[in-house]
Amino acid sequence: MSPSRPYLVRALNEWILDNDCTPYVLVDAGLPGVQVPEDYVTNGQIVLNISPTAVQNLHIDGDGLSFNARFGGVPMTVFVPVVALLAIYARENGQGMVFGSEAGAPDPNDPPPTPDQPDPEPDPSGSRPSLKVVK
């Protein structure tokens with residue numbers, strides 16, 4: 001199945017705007033493919049105002065979130081891959097959603113791969129994963 005995150009971000013953005021609030025997104029600026037103004041990144045994250053008064057050409061799809069905006073008077077095209085979207089919320093009251101990790105998202109506890117470090121070998125035993133019913 002395709003990731004649910006872009007659908008949820010679009011729906012929550014609309015809900016926040018319908019309630020006359022300002023939608024903000026929290027972004028992991030350290031992930032590959034993220035194009036945000038580096039001067040505004042703090043502790044590897046950035047908060048972006050995506051309201052219609054702050055951005056132009058907002059587009060949210062299965063690849064990510066993109067828009068045009070000015071930062072310190074300098075125009076910029078912003079792109080945030082889906083896996084880098086950490087949360088969307090209303091500035092005025094904090095209502096929104098924080099996202100957990102989805103398939104394909106890098107594990108923050110894993111060290112970044114290096115060219116000298118080969119990928120781990122698959123388990124030769126051929127054992128299949130098992131599922132467990134949790135009630």
Side-chain angles (χ1 to χ4, degrees):
M1 289 186 68
S2 61
S4 60
R5 194 172 304 190
Y7 297 93
L8 294 169
V9 171
R10 278 195 302 265
L12 288 165
N13 181 52
E14 186 175 331
W15 173 69
I16 291 167
L17 291 171
D18 285 351
N19 285 283
D20 296 320
C21 291
T22 310
Y24 277 15
V25 290
L26 176 63
V27 175
D28 183 344
L31 291 180
V34 174
Q35 298 171 2
V36 295
E38 295 296 324
D39 293 345
Y40 298 91
V41 173
T42 305
N43 296 325
Q45 297 179 340
I46 186 169
V47 175
L48 299 168
N49 176 347
I50 61 168
S51 70
T53 58
V55 304
Q56 294 179 344
N57 304 320
L58 177 65
H59 184 73
I60 305 167
D61 64 15
D63 294 328
L65 174 144
S66 62
F67 59 85
N68 298 319
R70 291 185 174 271
F71 295 89
V74 179
M76 179 177 185
T77 299
V78 172
F79 178 74
V80 179
V82 171
V83 296
L85 291 169
L86 301 176
I88 181 169
Y89 61 95
R91 179 191 70 192
E92 292 78 4
N93 58 21
Q95 293 290 307
M97 180 179 284
V98 175
F99 301 107
S101 38
E102 287 191 46
D107 184 346
N109 298 321
D110 287 345
T114 61
D116 300 331
Q117 185 180 22
D119 288 340
E121 293 295 319
D123 185 11
S125 67
S127 64
R128 296 180 57 176
S130 62
L131 297 176
K132 181 177 174 182
V133 176
V134 178
K135 293 184 182 186

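Just the heavy atoms: all of them, side chains too, but no hydrogens, waters or symmetry mates, feed the values below.
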Note to self: I'd like to know whether CG of Asn43 has more than 12 heavy-atom contacts from other residues, nucleotides or ligands below 6.0 angstrom.
What the structure shows: no

Yes or no on side chain to side chain contact (heavy atoms under 4.5 Å, CB included) for Tyr7 and Ser2, after CA distance, side-chain angles and deciding distance? CA-CA 10 Å; Tyr7 297 93; Ser2 61; 3.9 Å; yes

Exercise for review: Evaluate the side-chain hydrogen bond (donor to acceptor under 3.5 Å, both in side chains) criterion for residues Asp61 and His59: first the C-alpha distance (whole Å), next the side-chain angles of each, then the deciding distance (0.1 Å), finally the verdict.
Suggested key: CA-CA 7 Å; Asp61 64 15; His59 184 73; 3.0 Å; yes

>> Quick check: do Leu17 and Pro23 have side-chain heavy atoms less than 4.5 Å from each other?
In response: yes

Contact check, side chains of Val78 and Asn68, non-hydrogen atoms, under 4.5 Å: no

For Gly62 and Val82, the nearest pair of non-hydrogen atoms, with its separation, is O-CG2, 3.1 Å

| Quick check: does any side chain N or O of Asn93 sit under 3.5 Å from a backbone N or O of Gln95, one acting as donor and the other as acceptor? | yes

All heavy atoms of Gln45 vs all of Leu26, minimum pair found to be OE1-CD1, 3.7 Å

Exercise for the section: Would you please classify the geometry between the Tyr40 ring and the Phe71 ring as parallel, tilted or perpendicular, with 30° and 60° separating the classes? Expected result: tilted

The reported gap from OG in Ser51 to CG in Asp20 (rounded to nearest 0.5 angstrom) is 12.0 Å

Rounded to the nearest 0.5 angstrom, the CG-OH distance for Leu48 and Tyr24 is 10.0 Å

query = Can you check side chain to side chain contact (heavy atoms under 4.5 Å, CB included) on Phe99 and Leu86, steps first, answer last?
reply = CA-CA 5 Å; Phe99 301 107; Leu86 301 176; 5.8 Å; no

Same apolar cluster (I L V M F W Y, side chains within < 4.5 Å links), Ile60/Leu8 | yes

Show your working on side chain to side chain contact (heavy atoms under 4.5 Å, CB included) between Ile16 and Ile88 and close with a plain yes or no. CA-CA 9 Å; Ile16 291 167; Ile88 181 169; 4.0 Å; yes

Notebook entry, point to check: Same cluster or not: are Val47 and Val83 linked, directly or through other Ile, Leu, Val, Met, Phe, Trp or Tyr residues, by side-chain heavy atoms under 4.5 angstrom apart?
Noted result: no

Heavy-atom closest pair (Arg5 atom, Leu85 atom, distance to 0.1 Å) is NH1-O, 2.7 Å

In terms of heavy-atom contacts, Val34 and Asp28 come closest through CG2-O, 3.5 Å

Could you tell me if the side chain of Leu12 sits less than 4.5 Å from the side chain of Tyr89, heavy atoms only? no

Open item on the list: Working note: Glu92 + Thr22, criterion side-chain hydrogen bond (donor to acceptor under 3.5 Å, both in side chains); need CA distance, chi angles, decisive distance, verdict.
Closed with: CA-CA 7 Å; Glu92 292 78 4; Thr22 310; 2.7 Å; yes

Same cluster or not: Leu58 versus Val9, using hydrophobic residues (I, L, V, M, F, W, Y) connected whenever any side-chain heavy atoms lie under 4.5 Å apart? yes

Would you check, one step at a time, whether the test side chain to side chain contact (heavy atoms under 4.5 Å, CB included) holds for Val25 with Val80? CA-CA 10 Å; Val25 290; Val80 179; over 6 Å; no

Heavy atoms of Ile46 and Ala29 approach each other most closely as CG2-CB, 4.4 Å

Closest non-hydrogen contact found for Ala69 with Val55 is CB-CG1, 4.2 Å

